Amino acid sequence: MIKLILASHGELSKGLVNSVKMIVGSLADDVESFSLYPGENPNDYAEELNQRIIKDQEHHYIIACDIKGGSVYNAIVQTCIYDNVDVLSGMNMNMVLELVLAISSQNVDIKQIINNAKEGIVLQNKSLLTKNIEDEDF
């Protein structure tokens, strides 16, 4: 069984959980969030998580963090010493939705989920719209 944890600076992780629940409902009920607030030490949470993982070898943990190289990521990535942990960075709505849906279907391909999340990041503006319309064959 897979446990999904979203981790961020501030309330981003909580907001993502709420937004995902709007779209997929109860499929996201077991998604956990960790929010780091000013004055808190992310290593405290990482140590708590570390102890939890040691005691819980029956679950696989996927932890999605907001920023690669940020304090939350740097603390949590230390849990990758365990075989049952994957830590992702660059968390966004596409990634979280795909993770939740993949976990519910028990068909998790993390590399594909990351690629799909990247493909969801696009630039659109007036000049690109105009160019795309001009390039279309009717």
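Note that this is a predicted model, so its numbers are computed, not measured. Computed from heavy atoms alone, side chains included, the values below leave out hydrogens, waters and symmetry copies.
A continuous path of ILVMFWY side-chain contacts below 4.5 Å connects Val77 to Ile54, so both sit in one hydrophobic cluster. Side-chain heavy atoms closer than 4.5 Å link hydrophobic residues (I, L, V, M, F, W, Y) into clusters, and following such links, even through other members, never connects Tyr82 to Leu4. Hydrophobic clustering keeps Leu49 apart from Met1 (ILVMFWY residues linked when any side-chain heavy atoms are closer than 4.5 Å, directly or through intermediates). A continuous path of ILVMFWY side-chain contacts below 4.5 Å connects Leu12 to Val31, so both sit in one hydrophobic cluster. At a threshold of 4.5 Å between side-chain heavy atoms, the hydrophobic network of Ile, Leu, Val, Met, Phe, Trp and Tyr places Val108 and Val85 in two separate groups.
Using a 4.5 Å heavy-atom threshold, the side chains of Leu16 and Ser33 count as separate. The closest side-chain heavy-atom distance from Val87 to Tyr73 is below 4.5 Å.
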After noting the C-alpha distance and the side-chain angles of Leu97 and Val100, does the key distance pass the side chain to side chain contact (heavy atoms under 4.5 Å, CB included) rule?
CA-CA 5 Å; Leu97 278 170; Val100 169; 5.9 Å; no
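Enclosure of atom CG in Asp30 is not indicated, since only 12 or fewer non-hydrogen atoms of other residues, nucleotides or ligands lie within 6.0 angstrom.
Partners of Asn125 under the side chain to side chain donor-acceptor pair (under 3.5 Å) rule, at least two apart in sequence or in another chain, are Ser127. For the side chain to side chain donor-acceptor pair (under 3.5 Å) test, residues two or more places apart in sequence or in another chain that qualify with Asp56 are His59, Tyr61. Qualifying side chain to side chain donor-acceptor pair (under 3.5 Å) partners for Gln78, counting only residues two or more places apart in sequence or in other chains: none. Evaluation of the side chain to side chain donor-acceptor pair (under 3.5 Å) rule for Ser89 yields no partner, not counting sequence neighbours.
Of the inter-residue distances, the one linking Phe34 atom CZ with Glu40 atom CD reads 6.0 Å to the nearest 0.5 angstrom. Considering CD1 of Ile114 and CG of Leu88, their distance stands at 5.0 Å, rounded to 0.5 Å. Rounding to the nearest 0.5 Å gives a distance of 9.5 Å between CE of Met95 and CD1 of Ile110. The CG atom of Leu6 sits 8.0 Å away from the CG atom of Leu99 when rounded to the nearest 0.5 Å. Within the model, atoms CG of Leu27 and CG of Leu101 stand 6.5 Å from one another, a figure rounded to the nearest 0.5 Å. The structure places CD of Glu47 at 4.5 Å from CD of Gln51, a figure rounded to the nearest 0.5 Å.
Identified under the side chain to side chain donor-acceptor pair (under 3.5 Å) test for residues 92-105, with sequence neighbours left out: Glu98-Asn116. Judged as a side chain to side chain donor-acceptor pair (under 3.5 Å), the pairs with a partner in residues 5-21 (not counting sequence neighbours) are, in order, Ser8-Ser13, His9-Asp66, His9-Ser71, Glu11-Tyr37, Ser13-Ser35, Lys14-Tyr37.
For the side-chain contact (heavy atoms from CB on, under 4.5 Å) criterion with Val96, the lone passing option out of Ile23, Val20, Val24 is Val20. Across Asp83, Asn84, Asp86, a single residue satisfies side chain to side chain donor-acceptor pair (under 3.5 Å) together with His60, and that is Asp86.
Across every non-hydrogen atom of Ala102 and Ile113, the tightest pair is CB-CD1, 3.8 Å. For Asn74 against Gly69, the heavy-atom pair with the smallest separation is ND2-O, 2.9 Å.
The backbone N or O of Ile53 sits less than 3.5 Å from a side-chain atom of Gln57, completing a donor-acceptor pair.
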